[in-house]
Amino acid sequence: MAALTVYPTVRAYFACSITLSLMMIIIYNFMTYYSNKPSYTISDGYTAVAEEISGEAYHWAEGFRMDYAQMERKLKIYAYPAADQRYSNYQTITGKYASEGYFFKNIRESSFLTHDPELAHLFFIPISSHKLHQKVSSYDEMAAIIGEYIQRLIIKYPYWNRSLGADHFFLTCHEIDTRATERAPLLVVKNLIHVVCSPTYNSGFVPHKDVSLPLINMPFTKQPPSTVNDLQNRTILGYWAGVCNSEIRERMVKLWSEDLELEIQNETAYNHARMTKFYTSKFCICPAGSRITSNRIIMAIRYGCVPVIMSDYYELPFKDVLDWRKFSVILRERDVYNLKSILKAKAGAEFRMLHTNLLKVQKRFEWNTPPVKYDAFHMVLYDLWLRRFVIK
């Protein structure tokens with residue numbers, strides 16, 4: 001989790017409580033699974049999976065594997081009928097809202113979808129904020145349409161009232177984020193699981209209830225070269241280039257743009273030379289921009305560049321499974337003043353450890369169509385699977 005700077009004692013208490021609750025859920029599922037555990041052979045792929053899902057980048061790799069297997073066998077999701085196909089149908093997936101598009105497409109390609117709501121553990125509200133914003137002009141109008149659609153579902157179907165919405169989820173990668181449901185009834189806002197790309201504690205995101213969605217920008221500009229994992233090619237200490245659309249970025253450029261070991265550039269074009277820096281740098285700096293997160297985090301992971309996350313209040317994706325401190329560097333925004341000395345101190349053995357672990361989790365952040373075992377789609381589903389027992 002990124003740095004917490006407000007009310008540290010209270011936040012630490014809730015963080016510990018939430019982590020303990022989720023670990024108890026995993027332990028319960030692990031014991032249930034283990035008591036009925038089938039006998040695997042190498043042909044079943046179990047050995048290969050055990051080798052892939054292992055190492056210190058996971059909080060508890062064995063428990064995750066076992067509980068994930070439970071999810072694969074049991075999880076069922078019912079998707080409500082779309083209010084308008086224009087607001088939920090993805091034919092092509094491009095741009096900075098690609099994670100949203102992939103999920104809408106993947107859920108229809110997966111075996112988790114059920115047409116019988118009585119079998120469902122979770123209920124999906126299939127309205128895309130990105131698609132909706134292409135048809136309407138303002139956030140207020142978007143929120144009004146989404147609120148009316150949810151209200152109709154509550155009236156028409158009995159499933160919301162059984163849990164007051166605690167087993168329903170809404171997904172968006174649009175900048176509107178949790179505000180998308182602000183025009184819905186209060187209980188919707190309070191109980192609905194929000195799966196969003198910019199999860200921040202100071203904008204209505206609730207860590208134990210809501211889910212952080214990885215932000216990507218598709219298509220990727222360049223395929224990584226075959227030498228991407230050769231550490232000898234990573235000669236740049238730290239790299240960032242982008243638009244100065246936040247205070248932290250402006251401060252970083254002012255402090256470090258003239259430095260000889262850090263490459264910090266205020267520019268907009270994703271040209272070839274800029275992209276090569278992702279696989280010739282040890283650390284790729286990912287400060288908050290106009291949003292609390294940045295697609296640079298996933299881009300850095302893809303290109304094997306250890307991400308340096310400088311974004312206060314940001315909820316990192318899949319943090320209940322992955323130990324981000326074992327494959328990234330997490331700093332407070334105020335650490336920008338000491339950025340160079342911090343990275344130089346980590347550029348030796350610690351960097352090699354972080355890079356090794358980073359390679360082991362790369363596929364957890366990949367989207368595929370159709371979806372592939374343990375990819376980003378399945379990791380989002382696993383976060384939802386964990387929350388099926390949480391009382392809001």
Side-chain angles (χ1 to χ4, degrees), residues 1-2 52-59 61 64 96 98-99 102-103 173 197-199 211-231 233-234 236-242 270 274-289 291-311 314-331 343 346 350-368 371-380 382-383:
M1 185 186 297
E52 179 184 358
I53 308 298
S54 62
E56 60 182 3
Y58 296 86
H59 291 299
F64 169 56
K96 62 182 179 179
S99 293
Y102 269 112
F103 188 91
C173 216
C197 274
S198 292
V211 173
S212 177
L213 185 66
L215 177 65
I216 62 169
N217 193 347
M218 292 292 289
F220 287 106
T221 306
K222 184 178 178 61
Q223 289 294 324
S226 58
T227 57
V228 69
N229 296 328
D230 188 347
L231 298 187
N233 293 328
R234 297 190 176 274
I236 301 170
L237 176 62
Y239 171 69
W240 176 84
Y270 275 91
R274 175 175 170 178
M275 292 310 300
T276 60
K277 300 295 177 63
F278 277 90
Y279 48 84
T280 56
S281 301
K282 290 182 171 66
F283 299 99
C284 286
I285 303 161
C286 306
R291 307 176 72 174
I292 196 71
T293 186
S294 167
N295 61 58
R296 286 173 181 79
I297 297 175
I298 306 305
M299 194 179 298
I301 292 173
R302 172 181 170 81
Y303 292 123
C305 184
V306 174
V308 179
I309 301 163
M310 288 198 301
S311 181
Y314 174 47
E315 176 88 350
L316 293 163
F318 317 143
K319 71 176 184 62
D320 296 319
V321 175
L322 302 177
D323 186 349
W324 278 78
R325 294 190 181 278
K326 297 299 175 59
F327 60 91
S328 69
V329 177
I330 302 173
L331 303 178
L343 297 185
K346 296 177 180 292
E350 185 173 353
F351 164 70
R352 292 191 292 273
M353 178 272 290
L354 292 170
H355 184 265
T356 298
N357 289 332
L358 181 66
L359 300 183
K360 293 181 179 180
V361 301
Q362 282 177 321
K363 292 183 180 180
R364 307 294 82 79
F365 296 92
E366 291 180 359
W367 291 92
N368 303 280
V372 175
K373 189 181 183 77
Y374 291 114
D375 69 359
F377 170 71
H378 286 90
M379 293 296 289
V380 172
Y382 185 73
D383 268 350

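Looking at heavy atoms from C-beta onward, Y58 lies in side-chain contact with I53 at the 4.5 angstrom threshold. No side-chain heavy atom of N295 sits under 4.5 Å from any side-chain heavy atom of C197. Side-chain contact between R296 and W240: present, with at least one pair of heavy atoms (C-beta onward) separated by less than 4.5 Å. Looking at heavy atoms from C-beta onward, L354 lies in side-chain contact with E350 at the 4.5 angstrom threshold. Counting heavy atoms from C-beta on, the side chains of S281 and Y303 never come closer than 4.5 Å. The closest side-chain heavy-atom distance from D375 to Y102 is not below 4.5 Å. Side-chain contact between R234 and C305 is present, with at least one heavy-atom pair separated by less than 4.5 Å. Contact annotation: the side chain of C173 approaches that of L215 to within less than 4.5 Å [non-hydrogen atoms, C-beta and beyond].
No side-chain donor from either of Y382 and R364 sits under 3.5 Å from a side-chain acceptor of the other.
Panel note: side chain Q362, backbone I301; a donor-acceptor pair is recorded below 3.5 Å. With hydrogens and angles disregarded, a donor-acceptor distance shorter than 3.5 Å links the side chain of H59 to the backbone of K319.
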Working note: F318 + V380, criterion side-chain contact (heavy atoms from CB on, under 4.5 Å); need CA distance, chi angles, decisive distance, verdict. CA-CA 7 Å; F318 317 143; V380 172; 3.9 Å; yes

Would you please test I309 and W324 for side-chain contact (heavy atoms from CB on, under 4.5 Å) and show each step? CA-CA 10 Å; I309 301 163; W324 278 78; 3.8 Å; yes

Derivation and outcome, side-chain contact (heavy atoms from CB on, under 4.5 Å), residues K282 and V306: CA-CA 6 Å; K282 290 182 171 66; V306 174; over 6 Å; no

Evaluate the side-chain contact (heavy atoms from CB on, under 4.5 Å) criterion for residues D323 and E56: first the C-alpha distance (whole Å), next the side-chain angles of each, then the deciding distance (0.1 Å), finally the verdict. CA-CA 8 Å; D323 186 349; E56 60 182 3; over 6 Å; no

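Taking every heavy atom of both residues into account, R352 and L231 meet most closely at CG-CD1, 3.8 Å. Heavy atoms only, all atoms of each residue included: E315 and S212 are closest at O-OG, 2.9 Å. Nearest heavy atom pair, residue P214 against residue I298, reads CB-CD1, 3.9 Å. Closest approach of I285 to G238, counting heavy atoms only: CD1-C, 4.2 Å. Residue H378 comes nearest to V372 through the heavy atom pair ND1-O, 2.9 Å, listed as atom of the first residue, atom of the second, then distance.
To the nearest 0.5 Å, atom OG of residue S328 and atom CD1 of residue I297 are 8.5 Å apart. Atoms CG and CZ, from L358 and F365 in turn, are 8.5 Å apart once rounded to the nearest 0.5 Å. Going from atom CZ of F377 over to atom CD of E366 covers 15.5 Å, rounded to the nearest 0.5 Å. Distance NZ/K277 to OH/Y279: 11.0 Å, rounded to 0.5 Å. Annotation: the span from L322 atom CG to M379 atom CE amounts to 4.5 Å, rounded to 0.5 Å. One finds the OH atom of Y239 at 15.0 Å from the CG atom of L343 (value rounded to the nearest 0.5 Å).
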